[in-house]
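Below: one structure, written as structure tokens.
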Amino acid sequence: MKTMRSLLALLLVCVMALALVACGGNSSQNNNESQNNDQQQNQQEEQNEQNTENNETQAPTDQELADEVAALIDAIYVQEHTDKTDEQIAAARAAWDALTDAQKELVEGEEADPDYFGRDTGDASKDDARNADEIGENELLVVSFGTSFNDSRALDIKGVEDALDQAYPDWAVRRAFTAQIIINHIQARDGEKIDNMDQALARAVASGVKNLVIQPTHLMHGAEYDELAEAVEAYKDKFESVVIAEPLLGEVGADATVINADKETVAKAVTAEAVKDGGYESLEKAEEAGVAFVFMGHGTSHTAKVSYSQMQAQMEALGYKNVFIGTVEGEPEDTACEAIINKVADAGYKTVVLRPLMVVAGDHANNDMAGEDEDSWVSMFNASGKFDEVKTQIAGLGRIADVQALYVAHAKAAIDSIA
């Protein structure tokens, strides 16, 4: 019996031992599984963090970089100047400079394109912003719409300013542009700062100017001339005298038949230059050879648009049968490109010379008149199939000596009115 009890006790001990071993094994397995799960979770979290870091540090694509520059250009392609404009201009230039040549070709925005910074329009150093202080008591402020085409700015706008400077050494000649979009473009691309109207007038006040004569280089008494007069009105009481001189074509007149000495001077000057640049002996010889000259103006919805019809009347009064006046905007309607094409073709001319009737040979002359797009004037004249040859002359009125002399005469009348 004693032996039986011993055996039973021994069996009980063994069973308990086996149970303890089994429990211990399950616990160890659970611990191992838990550790494996923790490791996997940690690895996943580390992977997620790495993916986040990679996404944050991943370099932007070429297109994304180009789009950033396009947005910066669009931000300064505005007519309003603010306290942030200079900063925005600097940012746009720096971002453009950071692009590769391939990335620059991708720049495309509402107004932005690779030509904003990349197009070669000549040497900006040949221009003069004429924004110096220490003006003196007498200032002659030359106000232009402006152009971002460097060569034209130096030849056409500066050409007029230089003529005025030479004619009136006792008057300090300064410059203002009315197009802030153009001012921003020149500053961003070339580093040249040109005053807008408010800046130029404020500079005159700060410099102690007493007598202010404003010579607009505008063609006519149009919308831009009206805006100029409105801007000057706010500063009139800051000076002893303020006079705005006549624009190039003088008074508008009541209807299309009204012409004047100013229009006659411009008509003769631009025609003579076109004939000379075309290599023709005379306008009459060109006509005999079947050559017509088309002078393309801007056009306007302003009542001053009759000035273009008057210029056509002036050409006819001078006996210039092979000279036609057109406008980019097609206002007046009979100055639209299609209308001019028909007029020239109906008159029997087979060779056409296109030239701008604008003070500066800027964007309109280079693109709207002589550009490669299908809607440019040279393209439409060629596409009509009505002419054997279509030539272009890209030159503004401002570089013509007789036109410069006319501005000098207008400024003299304004100065004399003060005396």
Side-chain angles (χ1 to χ4, degrees), residues 219-220 249 253 255-260 263-300 305-358 361 364-397 400 402-403:
L219 203 67
M220 64 188 69
L249 299 181
D255 58 53
T257 65
V258 177
I259 54 180
N260 58 28
K263 293 180 178 68
E264 181 178 353
T265 297
V266 174
K268 288 180 177 178
V270 67
T271 303
E273 287 294 310
V275 169
K276 181 182 70 175
D277 291 350
Y280 301 102
E281 183 179 341
S282 67
L283 181 62
E284 292 75 20
K285 291 294 184 182
E287 182 187 2
E288 292 173 6
V291 180
F293 294 88
V294 175
F295 298 126
M296 186 195 76
H298 185 277
T300 177
K305 66 185 178 182
V306 71
S307 298
Y308 294 106
S309 300
Q310 292 167 348
M311 282 299 292
Q312 185 65 64
Q314 180 65 75
M315 295 297 183
E316 293 169 1
L318 289 169
Y320 295 173
K321 300 176 182 178
N322 55 334
V323 176
F324 302 83
I325 304 297
T327 62
V328 178
E329 299 295 331
E331 293 193 53
E333 291 182 4
D334 64 346
T335 61
C337 186
E338 296 85 350
I340 300 300
I341 288 173
N342 291 331
K343 286 181 182 179
V344 176
D346 291 345
Y349 298 105
K350 289 298 182 179
T351 297
V352 179
V353 177
L354 300 173
R355 186 182 176 108
L357 185 68
M358 302 176 181
H364 290 302
N366 284 273
N367 296 326
D368 294 322
M369 187 189 79
E372 296 179 355
D373 292 344
E374 62 181 14
D375 60 349
S376 74
W377 279 46
V378 67
S379 295
M380 288 192 285
F381 267 81
N382 280 320
S384 72
K386 297 180 179 182
F387 310 103
D388 296 334
E389 187 176 16
V390 183
K391 306 175 183 179
T392 61
Q393 296 178 355
I394 303 177
L397 296 170
I400 301 174
D402 286 347
V403 170

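Not measured: the values here are computed from a predicted model. Residues: numbered from 1 along the sequence shown. For the numbers below, each heavy atom of this structure counts, side chains included, while hydrogens, waters and symmetry mates do not.
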Can you confirm whether [X] sits close enough to [Y] that some side-chain heavy atom of one is under 4.5 Å from a side-chain heavy atom of the other?
X: Met311; Y: Phe295; answer: no
X: Val258; Y: Lys263; answer: no
X: Lys343; Y: Asp346; answer: no
X: Leu219; Y: Tyr308; answer: yes
X: Met358; Y: Met296; answer: yes
X: Val270; Y: Phe293; answer: no
X: Leu283; Y: Val323; answer: yes

Going by side-chain contact (heavy atoms from CB on, under 4.5 Å), name the residues that satisfy it together with [X], two or more places apart in sequence or in a different chain.
X: Ala317; value: Ile259, Gln314
X: Ala383; value: none
X: Ala272; value: none

Hey, could you give me each pair passing side-chain hydrogen bond (donor to acceptor under 3.5 Å, both in side chains) that has a residue in residues 321-334? Not counting sequence neighbours.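 Pairs touching residues 321-334 that pass the test: Thr327-Thr335.
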
Please list all pairs passing the ring-ring contact (aromatic ring centres under 6.0 Å, His included) test where one or both residues lie in residues 368-392, with sequence neighbours left out.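 Checked against ring-ring contact (aromatic ring centres under 6.0 Å, His included) - neighbours excluded - the pairs reaching residues 368-392 are Phe381-Phe387.
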
Minimum heavy-atom distance [X]-[Y], with the two atoms named:
X: Ser379; Y: Gly371; answer: OG-O, 3.7 Å
X: Val306; Y: Gly253; answer: CG1-O, 4.2 Å
X: Asp402; Y: Ala269; answer: CB-CB, 4.0 Å

Applying salt bridge (Lys or Arg N to Asp or Glu O under 4.0 Å) as the test, list every pair that has at least one member in residues 371-389; sequence neighbours left out.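 Every pair satisfying salt bridge (Lys or Arg N to Asp or Glu O under 4.0 Å) with a residue in residues 371-389: there are none.
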
Residues two or more places apart in sequence or in another chain: which of them pass side chain to side chain donor-acceptor pair (under 3.5 Å) with [X]?
X: Lys391; result: Tyr280
X: Gln393; result: Arg355
X: Glu338; result: none
X: His364; result: His298, Asp368

Can you list everything that forms a salt bridge (Lys or Arg N to Asp or Glu O under 4.0 Å) with Glu316? Sequence neighbours excluded, please.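 Result, salt bridge (Lys or Arg N to Asp or Glu O under 4.0 Å) vs Glu316: none returned.
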
Residues that Glu287 engages under salt bridge (Lys or Arg N to Asp or Glu O under 4.0 Å), provided they are two or more places apart: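 Glu287 satisfies salt bridge (Lys or Arg N to Asp or Glu O under 4.0 Å) with no other residue.
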
Take Lys285 and Val275 through the test side-chain contact (heavy atoms from CB on, under 4.5 Å) and record every step on the way to the result. CA-CA 10 Å; Lys285 291 294 184 182; Val275 169; over 6 Å; no

